[in-house]
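Heads up, the thing below is written out as structure tokens.
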Amino acid sequence: MPTLQTSTLAFLGGGNMASAIISGLLRQSVPATNIHVSEPWEVNRNKIAALGVNTTTSNTEAASAADVVILAVKPQVAKTVCEELREEWTATAREKFPIVVSIAAGITLESLQKWLSVEGGKVAPVVRVMPNTPALVTEGASGAFAGVEVSKEDKGLVEALLGSVSRVTEWVDKEELLDVVTGLSGSGPAYFFAMVEHLVASATALGLTKEQATRLAAQTCLGAGKMLVESDDEPAQLRKNVTSPNGTTYAALQTFEKLNFADIVDQAVKAATDRAAELGESLGKQ
């Protein structure tokens, strides 16, 4: 079984997430010559080529000798790209398939396997991954779900791949839980950005400059996040540690409670989860 450093990797799609993962792989001493990227847009292709990796406009060319294929295209074109691979594998009578890692949001395992299945029902081992945008600064959190064809060794290779940009990779044992991951960590950064946006607006309205409020709010989120990661305490305990009886934090949290903050969060995460499931169902009917 090849290691990450000895594997040939093909990225089908060269957008921001692919670029982030490739940069992370290069930092982990994966040879640039082992990485192949197909990207139709010249601007993106030139940015990727500047990293020293191999680039092409052909998906089948990029994937021809790959041990791992990362499907990093827009969900709307995933079917077309998978069918290209299937036709190539059929034409070349390929016996050993690469691991296919899909970061195409919403595309179900069933759809991927159907689109990739060659004559006789043979199918590549497929892993669905839900990364998030902090991967762009190597602070990502990813959820993953593996098809039955995926071996323990395959999972290890995928974990190493994701580890180039994600601090946390959580494997779920039911595919529908990836929709929950989407509602939690996939969409989650936007929840925090929205919170900071409103914190800044509130503090500015009370007299701070926007620049001061932004710096203070951003660092507060960074510091609180670091405490969450590094502390052995549960989030509830960390909250209690900051909250003095009848103090300033208590007053703020009481306001949250009166405005049903817990219900707002519940409904937001559920809405994102439900939408992820709806998108997966509709995209699978392409």
Side-chain angles (χ1 to χ4, degrees), residues 4 7 9-25 28 30 35 37-38 59 62-63 66-79 81-82 85 97-116 123-189 272-273 275-277 279-280 283-284:
L4 189 63
S7 296
L9 307 165
F11 287 80
L12 309 187
N16 288 336
M17 190 61 69
S19 179
I21 296 173
I22 291 166
S23 297
L25 292 171
Q28 291 192 0
V30 173
I35 301 174
V37 185
S38 63
N59 293 318
D67 299 302
V68 183
V69 172
I70 299 92
L71 191 63
V73 297
K74 293 184 183 299
Q76 293 81 358
V77 300
K79 180 181 180 182
V81 172
C82 287
L85 294 180
F97 298 118
I99 308 165
V100 177
V101 178
S102 173
I103 60 174
I107 304 296
T108 65
L109 186 70
E110 180 183 8
S111 296
L112 292 166
Q113 290 176 328
K114 179 174 67 176
W115 299 337
L116 291 167
V123 68
V126 179
V127 175
R128 280 190 62 197
V129 174
M130 182 65 230
N132 65 1
T133 55
L136 300 174
V137 291
T138 68
E139 292 288 349
S142 298
F145 176 75
V148 294
E149 299 84 5
V150 178
S151 68
K152 183 179 179 180
E153 291 74 18
D154 293 339
K155 281 188 173 182
L157 194 56
V158 173
E159 283 188 6
L161 173 74
L162 296 175
S164 65
V165 292
S166 289
R167 297 283 183 172
V168 174
T169 298
E170 296 291 340
W171 292 89
V172 295
D173 56 7
K174 296 179 182 178
E175 186 173 11
E176 56 266 29
L177 292 177
L178 272 187
D179 296 329
V180 183
V181 172
T182 301
L184 173 61
S185 57
S187 299
T273 300
R275 183 57 179 153
L279 287 171
L283 290 167

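In what follows, residues are counted from 1 in the order of the sequence shown. Atoms considered below: every heavy atom in the structure, side chains included; atoms not considered: hydrogens, waters and symmetry mates.
- Here the straight-line distance linking atom CG of Leu25 with atom OG of Ser164 works out to 4.0 Å at 0.5 Å rounding.
- Taking each heavy atom of Pro189 and Gly186 in turn, the nearest pair found is CD-O, 3.7 Å.
- Counting heavy atoms from C-beta outward, Val126 and Glu149 have side chains that stay 4.5 Å or more apart.
- Within the structure, the side chain to side chain donor-acceptor pair (under 3.5 Å) test picks out the following pairs touching residues 174-185 (sequence neighbours left out): Arg128-Glu175.
- Ile107 is listed as a side-chain neighbour of Trp115, based on a closest heavy-atom distance under 4.5 Å.
- Of all heavy-atom pairs between Gly280 and Thr108, the closest is O-CG2, 4.0 Å.
- Annotation: side-chain contact (heavy atoms from CB on, under 4.5 Å) contacts of Ser38 (sequence neighbours excluded): Leu12, Thr56, Asn59, Ala62.
- Remark: side-chain polar atoms of Ser102 are paired, donor with acceptor, to backbone N or O of Ala104 under 3.5 angstrom.
- In terms of heavy atoms, Ala20 sits closest to Ala135 at CB-O, 3.9 Å.
- The structure places CG of Leu71 at 11.5 Å from CZ of Phe11, a figure rounded to the nearest 0.5 Å.
- The CD1 atom of Ile22 sits 6.0 Å away from the CD1 atom of Ile35 when rounded to the nearest 0.5 Å.
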query = What's the verdict on side chain to side chain contact (heavy atoms under 4.5 Å, CB included) for Val180 and Val172, showing C-alpha distance, side-chain angles and the deciding distance?
reply = CA-CA 10 Å; Val180 183; Val172 295; over 6 Å; no
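- Take Ser142 and apply the side-chain contact (heavy atoms from CB on, under 4.5 Å) test, not counting sequence neighbours, and it matches Val129, Pro131, Leu162, Ser166, Thr169.
- Counting only distance, with no hydrogens or angles, the side chain of Ser187 and the backbone of Gly183 share no donor-acceptor pair below 3.5 Å.
- Nearest heavy-atom pair, Gly140 versus Asn132, reported as atom, atom and distance to 0.1 Å: CA-OD1, 3.4 Å.
- The CD1 atom of Ile99 sits 9.5 Å away from the CD atom of Glu153 when rounded to the nearest 0.5 Å.
- When all heavy atoms of Ala124 and Val100 are compared, the closest pair comes out as CB-CG2, 3.9 Å.
- Taking both residues in full, the closest heavy atoms of Gly13 and Val37 are given as O-CG1, 4.1 Å, listed atom of the first, atom of the second, then distance.
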ask   = side chain to side chain contact (heavy atoms under 4.5 Å, CB included) between Leu4 and Leu157: does it pass, once the steps are laid out?
value = CA-CA 6 Å; Leu4 189 63; Leu157 194 56; 4.2 Å; yes
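- One finds the CD atom of Glu170 at 11.5 Å from the CG atom of Leu178 (value rounded to the nearest 0.5 Å).
- Annotation: the span from Ile21 atom CD1 to Met17 atom CE amounts to 6.5 Å, rounded to 0.5 Å.
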